[in-house]
Amino acid sequence: MGIVDDLLARPGRYVGRDTVEGTDLVGAARIDVSALPGRAGVSLDYEVLNPLAPGPVLGHVEHTLIGTADDGTTIMVIAHTHGAGLTILRETDPGVFEPGDVPAPYPMKVVVAVPEPGRLRHVWWYGPAGGEAVERDVAELELVTP
């Protein structure tokens with residue numbers, strides 16, 4: 001089973017905490033997981049609220065599709081508030097999505113895992129242009145509404 005099957009097995013609303021590595025920032029995270037037509041994949045609607053952080057309370061909004069492409073590979077397409085366009089990533093290892101040969105504005109990857117049924121871990125890795133991607137934004141969530 002891959003990440004698409006794991007997410008299709010338990011769609012619903014996941015709620016938890018989002019932390020930023022190397023800081024004291026902790027936000028409330030919500031990810032709604034929904035099946036795509038034909039069960040070709042899932043959509044993830046992701047928000048982070050940071051009421052105590054400097055800046056806006058709504059710290060991050062993201063709409064992501066994870067699914068099986070016609071060629072059998074697993075891809076991720078992301079639109080989010082910190083990007084100017086769509087980000088297209090390909091699965092390089094189970095649950096690990098990276099740009100591959102496609103140019104990206106900065107080094108990045110996204111790791112999605114279901115460590116156990118009803119739990120979800122979503123992690124953004126990124127770094128400065130020309131640098132290395134490091135684990136930054138970690139959301140640990142649990143299913144609250146199937």
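Only heavy atoms go into these numbers, but all of them, side chains included; no hydrogens, no water, no symmetry mates. Starting from 1, each residue takes its place in the sequence as its number.
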Apply the test side chain to side chain donor-acceptor pair (under 3.5 Å) to residues Arg90 and Thr73: give CA-CA distance (whole Å), side-chain angles for both, the deciding distance (0.1 Å), then the verdict. CA-CA 8 Å; Arg90 294 200 172 272; Thr73 62; 2.9 Å; yes

Answer whether the closest heavy-atom distance between the side chains of Arg10 and Pro146 falls below 4.5 Å. no

How far does CG of Leu86 sit from NE2 of His63, to the nearest 0.5 angstrom? 10.0 Å

Taking all atoms of both residues into account, what is the closest heavy-atom pair of Ala29 and Ala139, and its distance? CB-CB, 4.4 Å

Tested for side chain to side chain contact (heavy atoms under 4.5 Å, CB included) against Trp125, the lone hit among Arg136, Lys109, Glu132 is Lys109

Nearest 0.5 Å, please: how far is OG1 in Thr74 from CG in Asp5? 8.5 Å

In short, Ala129 meets Pro105 closest at the heavy-atom pair CB-O, 3.9 Å

Measure the shortest side-chain to side-chain distance between Val77 and Thr87 over non-hydrogen atoms and say whether it is less than 4.5 angstrom. no

Among the clusters formed by ILVMFWY side chains lying less than 4.5 Å apart, do Val4 and Leu36 turn up in the same one? no

Could you go step by step and tell me if Ile66 and Leu44 meet the side-chain contact (heavy atoms from CB on, under 4.5 Å) rule? CA-CA 8 Å; Ile66 303 173; Leu44 306 179; 3.8 Å; yes

Pair His60-His82, side-chain donor/acceptor within less than 3.5 Å: yes

Quick test of your reading of the model: are Arg17 and Glu140 salt-bridged, counting only N-O distances below 4.0 Å? no

Any link between Val61 and Leu141 through a network of hydrophobic side chains (Ile, Leu, Val, Met, Phe, Trp, Tyr) touching at under 4.5 Å? no

So do Ser34 and Pro11 actually touch side chain to side chain, heavy atoms under 4.5 Å? no

Given Val114 and Glu116, is the side-chain contact (heavy atoms from CB on, under 4.5 Å) satisfied, shown in steps? CA-CA 5 Å; Val114 177; Glu116 63 184 66; over 6 Å; no

Indicate the ring-plane relationship of Trp124 and His122, choosing parallel, tilted or perpendicular according to the 30° and 60° boundaries. tilted

So does Asp71 have more than 12 non-hydrogen atoms from other groups sitting under 6.0 Å from CG? yes

Taking a hydrophobic cluster as the set of Ile, Leu, Val, Met, Phe, Trp and Tyr residues connected by side-chain heavy atoms closer than 4.5 Å, whether directly or through intermediates, do Leu89 and Val123 fall within one such cluster? no

So which atom in Pro99 and which in Ala104 form the shortest heavy-atom distance, rounded to 0.1 Å? CG-CB, 3.9 Å

Would you mind reporting whether Asp137 and Tyr126 have side-chain heavy atoms less than 4.5 Å apart? yes

Given Thr19, Val20, Asn50, Val48, the one that forms side chain to side chain contact (heavy atoms under 4.5 Å, CB included) with Val26: Thr19

Assess the side chains of Tyr14 and Asp32: does a donor N or O sit below 3.5 Å from an acceptor N or O? no

Side chain to side chain, Leu49 and Leu58, heavy atoms closer than 4.5 Å: yes

Are Phe97 and Tyr106 connected in a single hydrophobic cluster, I mean Ile/Leu/Val/Met/Phe/Trp/Tyr linked by side-chain heavy atoms less than 4.5 Å apart? yes

Any donor-acceptor pair under 3.5 Å from Arg30 side chain to Asp45 backbone: yes

Please test Glu91 against Ile3 for side-chain contact (heavy atoms from CB on, under 4.5 Å), starting from the C-alpha separation and ending with a verdict. CA-CA 10 Å; Glu91 190 174 44; Ile3 192 62; 3.7 Å; yes

Nearest heavy atoms of Pro107 and Gly130, plus distance in Å: CD-N, 4.4 Å

Glu62 vs Thr81, test: side-chain contact (heavy atoms from CB on, under 4.5 Å). Steps then yes/no. CA-CA 7 Å; Glu62 174 181 321; Thr81 53; over 6 Å; no

Drop me the distance from Glu47's CD to Asp18's CG, to the nearest 0.5 angstrom. 12.0 Å

Within-4.5 Å side-chain heavy-atom neighbours: Leu120 and Val33: yes

Taking the side chain as C-beta and beyond, is there a heavy-atom pair between Val112 and Arg121 under 4.5 Å? no

